[in-house]
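Reviewing the structure listed below.
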Amino acid sequence: MNTIIYKWIGRNIHWIFAACLFSIPFFWLKSGEMDLGGDSGRLYFYDPISFIKNVSLYHFVPEGLGLAEPNTYYLPYVALIAVLRFVFQSPTIVINIISGLKLSVGFLAMYGIVREVIRKKSILAPLMAGMFYILAPIMLGNYDKALTSHNQVFLNPLMFYLILKFFTDTNVKYLWAALWISFVFAPNFALTSAPPFFAFYPLSIVFLLLYTKFVVRKVIPWRWMFYGGLLFLGIQAFHLLPQVINLFEPGSFTNTRVFDRTSIMHEGVRYFTAILPLASVVKDIFMTPMVTQLTWVSFIAPTIIMIGFVLNTKSKVLILTAGFYLVTLYLYAAKITNVGVEFYKNLYYIPGFSMFRNFIGQWPSVYAFFYALLLGLAIHVIIKHLSYRRWMSYLGGVIIVLWVVSALPFLKGETVNKIHTQSDNVRMTFAMDPKYEETLAFIRSLPDDGKILTLPLTDAYSQVLAGKNGGAYVGTSTISQLTGKKDFNGYQIFGPFPEDMMKYAREKDYEAITSLLSRLSIRYIFHNSDPAIYEAGFPQSPYTYMKTSFPQTQKGYEEFVDKLPTKRIYTNGSYVIYELDRSVWRSELYVTDVLEGAPDSQAQFMATRISPVFYHMSLTTKDTHPNIVVWNNTYNRNWQLFVDNTLVPEDRHVKLNGYANAWRFTTDDLEGKKSYTMTLRLKSQKYIWIGWGVTLISLIVLALMSIRQKTYV
């Protein structure tokens, strides 16, 4: 009986390990707690439907100045989150499931890769390689405030495994599986995830081609690779097409980052030089564990690799893997001789390479992948040269235990349950306050015409929100992403005006502040007056710079708002909403006679929002004929105005107030009429619909190919 059990465990040991890894994140968060903060926010875990509606459907970002930028790549992934959210009714469980997938699938995929490369001759080598990959110190960060690109932890080895099986088994079902996965996890294949994508996939494809051609000596299925590449582009068209169009749009954020030489210098070379002192080849090779008392454990992996090379210097796959390991070591460490550093700097002048300016953050998962693969191959070499292989199994088990113990802080959730930087011991995980949920519902009910100013203002673009458990959310605007209202919540959201706003605040020039709010079409002020998110809980970051001009306390902010022409329209605990007097706020859409002039009070003008990128308007004039239509959102030449179904020429579309859109037309254009209909639409939105058409056709083709009886090339 014991023999049967031992055999069953031996055959299924990798599944047992995977199950244990999957369960670990479920001990990190208490029921109702969430980790949603970060640079891009993870609010889709909390309310995926609102996120899809406000962020993923349109070529438009609902933040303060209203940017015409596409975020459609989120849709399939957030739709998956929405399904999980519906099934489990808890954002905590959904977050745990995604974290569990990263650990378990990442381990299983690396296990499968090594087992495939060594021709299934060992269990110990792939087992150790999988555990090393998942528990390597450089792989244990970023689980808190994780970007969608962090899914590369499991996607990289999983996609590598599927393509490896496609090449070696010449079975197209692995190619189809990879394409389906690429659709569901589209954010990892979008231009916004270009750094991790281009860091891993080009190197991996080259490795697999060389491995297939020179190691296993099989014919490379070029024809099916071509078909797969076309299907991949077609499946990803719903986000790639608008993003590529946006890439070549002069003045767009992406275009500037990729092609502007000044931006390359600032975002690429200077950034690289600034963080270069943080790089260390020795640290990257040995990777100090989280438990500093076990620093000596960091010598195990390099020692095993060295022994493997001593025992077998002729293994093609070992040499090939070592070559790619050294390439990724250079790309990750950078600081390898002065010549190497200078060569690295010159790479940033290649258009697009500035995406790797944060080389320390972009290359670690790729480096860890090839490190783990090389380690697995070296372990296999050592096992083959041992007479007493059972002892190697015991030793391998001890090494795995050491890796697990050295990663105990991570396994216990300490990398997620962190304290906010410069806060008064405020945790990053939080539980949503029911009163704030009610406040969001009220904000959704407000008219679409009117932007929101959120107080207190932060240094960048973050919003701070206290949870009912004592933790706090610090991330992107919940108002923008969960209600669709355009929100000014930090310095960077004010576009060309942040220093003006700070100057007026320092000088207590409330008339100038009111005028600026009017120019920005701000109608409402949302004040979260809880001291726990300001002077009590966050005495410094993320308010350090703004505090040099704005009030130091919540009481001071209350007095600040009292000086403005506002009335209170909502109160729910510490959440207060004010409305600016109608005499001072401007609609986002209005007509005027003079550039930078006030709205024409004589004209009857009404605008109706059909969607964030389409508005219908009616204009009735009396004695005057206003000749300027103003759209108070960030200037973009893709905005088009039609008057009685006639397009206003592009040369009459100008920038107003330093950021906004305006169209000039003459009385001849109006043909002396008193009433007109107008429409405002964003031309680039059509690329999203075209992209979705291509994607749906490609998915149908993929579905038909997937159910074909013939699965071999």
Side-chain angles (χ1 to χ4, degrees), residues 39 59-69 246 249-257 259-263 265-267 450-463 476-477 479-480 485-525 542-550 564 580 584-590 592 594-599 612 628-639 653-664 682:
D39 289 345
H59 196 286
F60 192 75
V61 180
E63 62 179 35
L65 295 179
L67 296 175
E69 298 280 345
N246 190 60
E249 184 73 31
S252 72
F253 175 77
T254 310
N255 177 274
T256 302
R257 288 283 292 272
F259 297 110
D260 183 72
R261 189 171 180 83
T262 302
S263 179
M265 274 296 300
H266 178 70
E267 300 288 348
K451 302 181 182 182
I452 298 175
L453 173 68
T454 293
L455 303 177
L457 289 169
T458 59
D459 292 343
Y461 49 82
S462 299
Q463 178 185 0
T476 50
S477 171
I479 292 175
S480 290
K485 299 295 191 288
K486 302 180 185 77
D487 179 31
F488 292 84
N489 61 328
Y491 181 93
Q492 295 183 17
I493 305 299
F494 279 87
F497 306 113
E499 289 300 327
D500 293 335
M501 188 69 172
M502 295 189 70
K503 176 177 179 292
Y504 302 151
R506 281 195 306 271
E507 298 174 352
K508 302 187 185 302
D509 189 344
Y510 297 103
E511 183 176 344
I513 292 174
T514 301
S515 176
L516 180 56
L517 298 184
S518 176
R519 291 171 64 190
L520 296 173
S521 292
I522 291 174
R523 181 176 181 178
Y524 303 101
I525 297 176
Y543 305 106
T544 307
Y545 184 57
M546 298 305 285
K547 279 187 174 182
T548 61
S549 299
F550 282 87
L564 302 174
L580 284 166
V584 298
W585 75 265
R586 299 181 186 182
S587 298
E588 290 183 65
L589 271 168
Y590 63 90
T592 183
V594 184
L595 280 174
E596 302 192 15
I628 298 172
V629 173
V630 178
W631 171 233
N632 257 353
N633 284 285
T634 300
Y635 176 84
N636 189 297
R637 67 180 187 175
N638 282 299
W639 286 110
H653 181 192
V654 298
K655 184 180 289 188
L656 183 71
N657 291 332
Y659 80 99
N661 301 267
W663 290 265
R664 297 179 296 185
L682 186 65

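Taking 4.0 Å as the cut-off between side-chain N and carboxylate O, Lys503 and Glu507 count as a salt-bridged pair.
Checked options Asp487, Asn633, Asn632; the residue passing with Lys451 is Asn633 (criterion: side chain to side chain donor-acceptor pair (under 3.5 Å)).
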Note to self: Under the criterion ring pair (Phe, Tyr, Trp, His ring centres under 6.0 Å), I'd like the reasoning laid out for Tyr659 against Phe497: C-alpha separation, chi angles, the key distance, then a yes or no.
What the structure shows: CA-CA 10 Å; Tyr659 80 99; Phe497 306 113; 5.8 Å; yes

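The main-chain N or O of Met546 is never found under 3.5 Å from a side-chain atom of Ser549 such that the two would form a donor-acceptor pair. One N or O on the side chain of Ser521 and one on the backbone of Ser587 form a donor-acceptor pair closer than 3.5 Å. The backbone N or O of Trp585 lies less than 3.5 Å from no partner atom in the side chain of Ser518, so there is not a single donor-acceptor pair. When atom types are taken as modelled, the side chain of Thr458 and the backbone of Asn489 share a donor-acceptor pair closer than 3.5 angstrom. Checking side-chain atoms of Ser515 against main-chain N and O of Glu511 turns up no donor-acceptor pair under 3.5 Å.
Between Gly495 and Leu65, the shortest heavy-atom distance links the atoms CA-CD1, 3.4 Å. Shown here for Val629 and Leu589, the closest heavy-atom pair between the two residues is CG1-CD2, 4.3 Å.
Between Phe60 and Trp639, the ring planes are perpendicular. Angles over 60° get that label, and only those under 30° would be called parallel. Ring planes of Phe488 and Phe494: tilted class, angle from 30 to 60°.
Contact check for Arg523 versus Arg586: no side-chain heavy atoms found under the 4.5 Å cut-off. Between Leu564 and Leu517 the shortest side-chain heavy-atom distance falls below 4.5 Å. When side chains are defined from C-beta on, Lys655 does not count as touching Asn661, because their heavy atoms never get closer than 4.5 Å.
Side chains of Glu499 and Tyr491: a donor-acceptor N/O pair is present below 3.5 angstrom, by distance only.
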